[in-house]
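Below is one structure, written out as structure tokens, with a few remarks after it.
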There are 2 protein chains.
Amino acid sequence: MGTQPRGPGQRAGLDRNAVLAAARRVLVDRGAHGLSMRALARELGVAPNALYSHVSDKNDLWDLVIDDVLGHVPVPDETQIAADPVGAIREVMADSFEVLVTHPDLMPQILARQGARGVQAQKLGVVTLNALAAAGVAGDEARDALRVLIVNTVGFAAFAVEDGVIPVDEIRGNHARSLDWLLTGILGR
Amino acid sequence: MGTQPRGPGQRAGLDRNAVLAAARRVLVDRGAHGLSMRALARELGVAPNALYSHVSDKNDLWDLVIDDVLGHVPVPDETQIAADPVGAIREVMADSFEVLVTHPDLMPQILARQGARGVQAQKLGVVTLNALAAAGVAGDEARDALRVLIVNTVGFAAFAVEDGVIPVDEIRGNHARSLDWLLTGILGR
DNA sequence: ACCTGAACACCGTTCAAGT
DNA sequence: ACCTGAACACCGTTCAAGT
């Protein structure tokens, strides 16, 4: 729409939030594979290196994007956890799977950074630990259980590659059953 | 060692096996991240595009490398499976974890191709299904169980990134415990 | 502080040509 | 059939300079 090219020193009016918003758009349009610094700059109508004023590097961008995605997972409230802790755990994991499976090509990055350390990720971790405690699982066992549940859910989401031979419905079913099995084991029958 | 540069038409004496062997070397030296077509060509003292005579593309190379890695997992024999099927399952998964954790940065690729379809991968799948059958799990349930066990094992191996804050020993412990829980659930207490 | 231009050291892959 | 040279369309990141 007639955006004039800028010379050196002319501002584009970017900030960390605008960069994230653009990253979201590139992510849904071109997938995680297509989310490059240069493609992101193109989306913003900006020189590639301009991004480094708002993001320290691509790793920082990944952290931003991943926690943004995890922010879409609904968090069960305390009364719900108290009423049905096991149901709450099942729900968090099922909801997480649904959100994660939207971007299966993003999951490798999540696993490779050991489950994401962002604000949203930690929030999900805390409520799951609370639910486990309410279900009678605490201490080392709870930490183990949380990690197993995360690896399982992220792993199945990663398993659901776009051009995959296996339909997502089937993988969703696998994930649900794995949840049953894990909870049986964790809760000690 | 005085290797003369070749002109067009001069053979380098490559074959699919030599390419794989070089890929193995690059993989241990520079990691999965450093295993590029160009780096592989450099290792072989050959032009980058020369590889396309022995490998259809990089995806094909990944398939080759992944199945090669999986080939290092010891396969339990039939008598062992018959004697202690559950122990055999536990052993295959633990052994797989040990082999896979050697190249944690390779695991994202494995998950993204839905568990590897190579010869070695299928062999491991068949013996695990046999062990499940011997333990009384068959049909759909066995197929589900196999997939859950694979996702869990590959997922934990992916979780063990090199520069990770979490030591491998701890992740190995998590994996062992997750195996217990899963088997408890799968075998119906 | 926020941006551009130019550059560096990379990628995967294709196409034409040589033997 | 197996290889090289050259090229195309990309990467992430840094450095100097402009306002």
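Quick note: numbers below take in every heavy atom, side chains included, and nothing from hydrogens, waters or symmetry partners. Chain A is the first sequence line, chain B the second, and so forth, proteins listed ahead of strands; every chain is numbered from 1.
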Side chain to side chain donor-acceptor pair (under 3.5 Å) partners of A:Arg38, counting only residues at least two apart: none

D:dC2 and C:dA17, which share atom name C1', separated by this distance in whole Å: 13 Å

Given C:dT4, D:dC11, D:dT4, which nucleotide is nearest the side-chain atoms of A:Arg42? D:dC11

Dot-bracket summary - DNA chain D, pairs being Watson-Crick or G-U whose distances fall under 3.5 Å, with | when paired to another strand: ||.|||||...|||||.||

Please list all pairs passing the side chain to side chain donor-acceptor pair (under 3.5 Å) test where one or both residues lie in residues 148-158 of chain B, with sequence neighbours left out. B:Asn152-B:Ser178, B:Thr153-B:His175

Going by side chain to side chain donor-acceptor pair (under 3.5 Å), name the pairs with one or both residues in residues 75-91 of chain A, residues two or more places apart or in two chains. A:Asp77-A:Thr79, A:Gln80-A:Glu91, A:Arg90-A:Asp180

Quick one: side chain to side chain donor-acceptor pair (under 3.5 Å) pairs with a partner in residues 120-134 of chain B, sequence neighbours left out? none

Using heavy atoms and a sub-4.0 Å distance, could you list which residues of residues 57-66 of chain A are near DNA chain D? By number, please. A:Asp57, A:Lys58

Considering all heavy atoms, the nearest A:Gly45-A:Arg6 contact: O-NH2, 2.8 Å

Under 4.0 Å between a side-chain N/O of B:Arg6 and OP1 or OP2 of D:dC3, yes or no? no

note: A:Leu40, atom CG; D:dC11, atom C1'; distance rounded to Å ~ 14 Å

A:Ser53 or A:Arg38: which one's nearest nucleotide on DNA chain C is closer to the 5' end? A:Ser53

Contact list (N/O, under 3.5 angstrom) for nucleotides 14-16 of chain C vs protein:
residue, atom, partner, partner atom, Å
C:dT14, O4, B:Asn49, ND2, 3.2

How would you list all residue pairs meeting salt bridge (Lys or Arg N to Asp or Glu O under 4.0 Å) that involve residues 48-59 of chain A, not counting sequence neighbours? none

Output the rounded distance in Å from CG (A:Leu51) to C1' (C:dC2). 12 Å

The complete set of side chain to side chain donor-acceptor pair (under 3.5 Å) pairs with one or both residues in residues 102-112 of chain A, sequence neighbours excluded, reads A:Gln109-A:Arg113

Qualifying residues under side chain to side chain donor-acceptor pair (under 3.5 Å), relative to A:Glu141, sequence neighbours excluded: none

With B:Leu27, the side chain to side chain contact (heavy atoms under 4.5 Å, CB included) member among B:Leu106, B:Leu40, B:Asp68: B:Leu106

Using the side-chain heavy atoms of B:Met37, tell me which of these nucleotides is nearest: C:dT13, C:dC2, D:dG12. C:dT13

Would you mind reading off the distance between A:His33 atom NE2 and C:dC11 atom P, rounded to a whole angstrom? 15 Å

Once side chain to side chain donor-acceptor pair (under 3.5 Å) is applied, do any residues pair with B:Arg16, and if so which ones, sequence neighbours excluded? B:Asp60

Using a cut-off of strictly less than 4.0 Å, decide whether A:His54 has a side-chain nitrogen or oxygen near OP1 or OP2 of C:dA1. no

Looking only at the side chain of B:Ala47 (C-beta and beyond, no hydrogens), which of the listed nucleotides D:dT4, C:dT4, D:dC11 gets closest? D:dT4

Suppose we screen for side chain to side chain donor-acceptor pair (under 3.5 Å). Which residues come up paired with B:Asp169, at least two apart in sequence or across chains? B:Arg172

